[in-house]
Amino acid sequence: MAILVCGGAGYIGSHMVDELLKRKEVPVVIDNLRTGHREAVPENVKFYQADIRDSKALDKVFTENKIEAVIHFAACSLVGESMEKPLLYLNNNVYGMQVLLEAMVKYNVDKIVFSSSAATYGEPQKVPIVETDPTEPTNPYGESKLMMEKMMKWVSLIHKVRYVSLRYFNVAGAAEDGHIGEAHSPESHLVPIILQVPLKKRAAITIYGEDYPTRDGTCIRDYVHVVDLADAHIKALNYLRENNKSDIFNLGSGNGFSVREMIEAAKKATGEDIKVIIGKRRPGDPAQLVAASEKAQKVLGWKPHYTDMESIIKTAWTWHKSHPKGFNKL
Ligand code: UFG
């Protein structure tokens, strides 16, 4: 049977497909290519260019394939954009989840692993954040992910669907051999932006504020390698296959790194100097986001393989150096 990967042409989704293939699973991908890249999915993987809000397209996918479970990444995921276009996030993410769950119920597909976010917590009252902490999103993106979790909760109470929701913190890195990686346009994430300096695409990295109440004044985040994340999804899938109950897990390394520490790690990973400019705070950035991920480690048996920042950034560097224009020109 096949695993349907919604959003399988995106950054995390494409690494998921890669991991599924390595584990001899059969992925089927649906992606509208709004932000994903067709080139990120191997030719031999069944691919549907369609939107998950299109129930007819889902009918086709679910009738043409024997789908055992769904792994769901298909969503808009930019905090800043969500503050400008809240209705886009509600429509694409929340309504998208509704249509997907309707199809799962209709076709008796009973397992879903969901890509959630640390943004569901909002401004944390304490770090590390545990799964039972209050969820008070501070932007429509985080709210949409929380609403999607709640939709799964209610559907699972009434229909024969079980879910695992994985709340990720900051995702970085690329496949070890660099054949796929992160390619957003425009780019807003820290690691690819830092690497644009040694790639000579920008003269310097601007640090968004160095007056935060942290050890060096810059924001602290918990960075997880994208392949470790994909591994967690496989463990979550197997957890559901073993008939375990629906649940929510944080995915982070449990260690926080500051923006300055990430830049230092990038200097070591690339062997290049990286020029820094100090800018203003970016609105909405919490000072610190660090996950307590003991629950995922204990219940799912997940253990991140990449724990030092230099090794995470090295894999991103391998990808960016070999694909300076992303997927556009190899
Ligand atoms: N940063 C800079 N300069 C840059 C880019 C980022 O200083 O040019 C800083 C940010 O201010 C922040 C840190 O680097 O302190 C990380 O920023 P990212 O944009 O890479 O990531 P965020 O922590 O803002 O967001 C991530 C995910 C979101 C998710 C959020 C959870 O990208 O999808 O975590 O809160 F919602």
Side-chain angles (χ1 to χ4, degrees), residues 7 10-13 35 73-83 89 92-93 114-124 127-129 133 135-149 165-173 182-184 186-197 199 201-226 229 250-253 256-266 274-291 293 309 312-313 316:
Y11 169 43
I12 306 172
T35 53
F73 300 96
C76 296
S77 62
L78 299 174
V79 171
E81 185 185 52
S82 81
M83 293 296 278
Y89 278 67
N92 192 45
N93 297 3
F114 172 56
S115 158
S116 188
S117 168
T120 52
Y121 294 108
E123 181 78 42
V127 288
I129 301 169
D133 280 350
T135 43
E136 281 163 21
T138 50
N139 52 65
Y141 165 66
E143 191 74 68
S144 74
K145 291 270 166 164
L146 190 59
M147 288 164 94
M148 292 160 90
E149 285 188 350
S165 182
L166 300 173
R167 292 180 176 162
Y168 333 142
F169 284 62
N170 290 62
V171 189
E182 194 167 4
H184 298 116
E187 190 49 78
S188 67
H189 295 98
L190 180 65
V191 170
I193 289 186
I194 295 176
L195 294 178
Q196 285 177 357
V197 182
L199 282 171
K201 286 184 167 181
R202 67 170 69 220
I205 160 93
T206 303
I207 296 182
Y208 296 145
E210 58 163 8
D211 57 350
Y212 284 95
T214 59
R215 52 184 174 261
D216 63 13
T218 66
C219 287
I220 289 179
R221 295 288 182 273
D222 186 337
Y223 295 87
V224 193
H225 194 275
V226 66
L229 213 61
N250 285 341
L251 294 182
S253 66
F257 294 89
S258 73
V259 175
R260 273 203 185 278
E261 287 163 350
M262 293 302 283
I263 295 169
E264 286 312 307
I274 294 172
K275 199 167 170 265
V276 168
I277 296 171
I278 306 301
K280 286 203 295 260
R281 286 186 179 198
R282 188 172 65 175
D285 272 345
Q288 279 201 60
L289 285 176
V290 180
S293 44
M309 295 306 106
I312 292 186
I313 297 172

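Atoms within a ligand are numbered from 1 in the order they appear, just like the ligands themselves. Bear in mind that the values here come from a model prediction, so they are computed numbers and not experimental data.
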Hey, is ligand 1 close enough to Leu190 that some N/O pair sits below 3.5 Å? yes
Short list, please: which atoms of ligand 1 are under 4.0 Å from a heavy atom of Cys219? 15 (O)
Run down the list Tyr141, Phe257, Tyr121, Phe169 and name the one with the heavy atom closest to atom 28 (C) of ligand 1. Tyr141
Using a 4.0 Å cut-off to any heavy atom of Leu289, which atoms of ligand 1 qualify? 35 (O)
Test side chain to side chain donor-acceptor pair (under 3.5 Å) on Tyr168 and Ser115; report intermediate values, then the result. CA-CA 7 Å; Tyr168 333 142; Ser115 158; 3.0 Å; yes
With heavy atoms of Ser77 as the reference, note each atom of ligand 1 found under 4.0 Å away. 33 (O)
Proximity winner for atom 18 (P) of ligand 1, if only heavy atoms of Arg221, Gln196, Arg282, Arg260 are counted: Arg282
Could you tell me, atom by atom, which parts of ligand 1 come under 4.0 Å of a heavy atom of Val79? 36 (F)
Logged contact type for Val191 with ligand 1, heavy-atom cut-off 4.0 Å, is neither
Determine whether Arg167 and Lys145 satisfy the following criterion, side-chain contact (heavy atoms from CB on, under 4.5 Å), listing intermediate values before the conclusion. CA-CA 9 Å; Arg167 292 180 176 162; Lys145 291 270 166 164; over 6 Å; no
Tell me which protein heavy atom sits closest to atom 3 (N) of ligand 1, plus the residue, atom name and distance to 0.1 Å. Thr206 O, 2.8 Å
Judged by heavy atoms only, the candidate from Asp285, Ile220, Ile193 nearest atom 10 (C) of ligand 1 is Asp285
Ligand 1 atoms nearer than 4.0 angstrom to some heavy atom of Ser188 are 5 (C), 19 (O)
Residue selection (non-hydrogen contact nearest atom 26 (C) of ligand 1) among Asn170, Asn139, Ile277: Asn170
Tyr89 versus Glu81, side-chain donor and acceptor atoms under 3.5 Å: yes
Identify the heavy atoms of Leu289 and Gly122 that sit nearest to each other, and give their distance. CD2-O, 4.3 Å
Nearest heavy atom to atom 31 (C) of ligand 1, choosing from Ala172, Ala119, Ala204, Ala287, belongs to Ala119
With respect to Ser117, determine whether any N or O atom, backbone or side chain, lies less than 3.5 Å from an N or O atom of ligand 1. no
Run the numbers on Asp222 and Ser253 for side chain to side chain donor-acceptor pair (under 3.5 Å), then give the verdict. CA-CA 6 Å; Asp222 186 337; Ser253 66; 2.9 Å; yes
Is any N or O atom of Tyr223, backbone or side chain, closer than 3.5 Å to an N or O atom of ligand 1? no
For Ile207, take its heavy atoms, then give the atoms of ligand 1 lying under 4.0 Å from any of them. 7 (O)
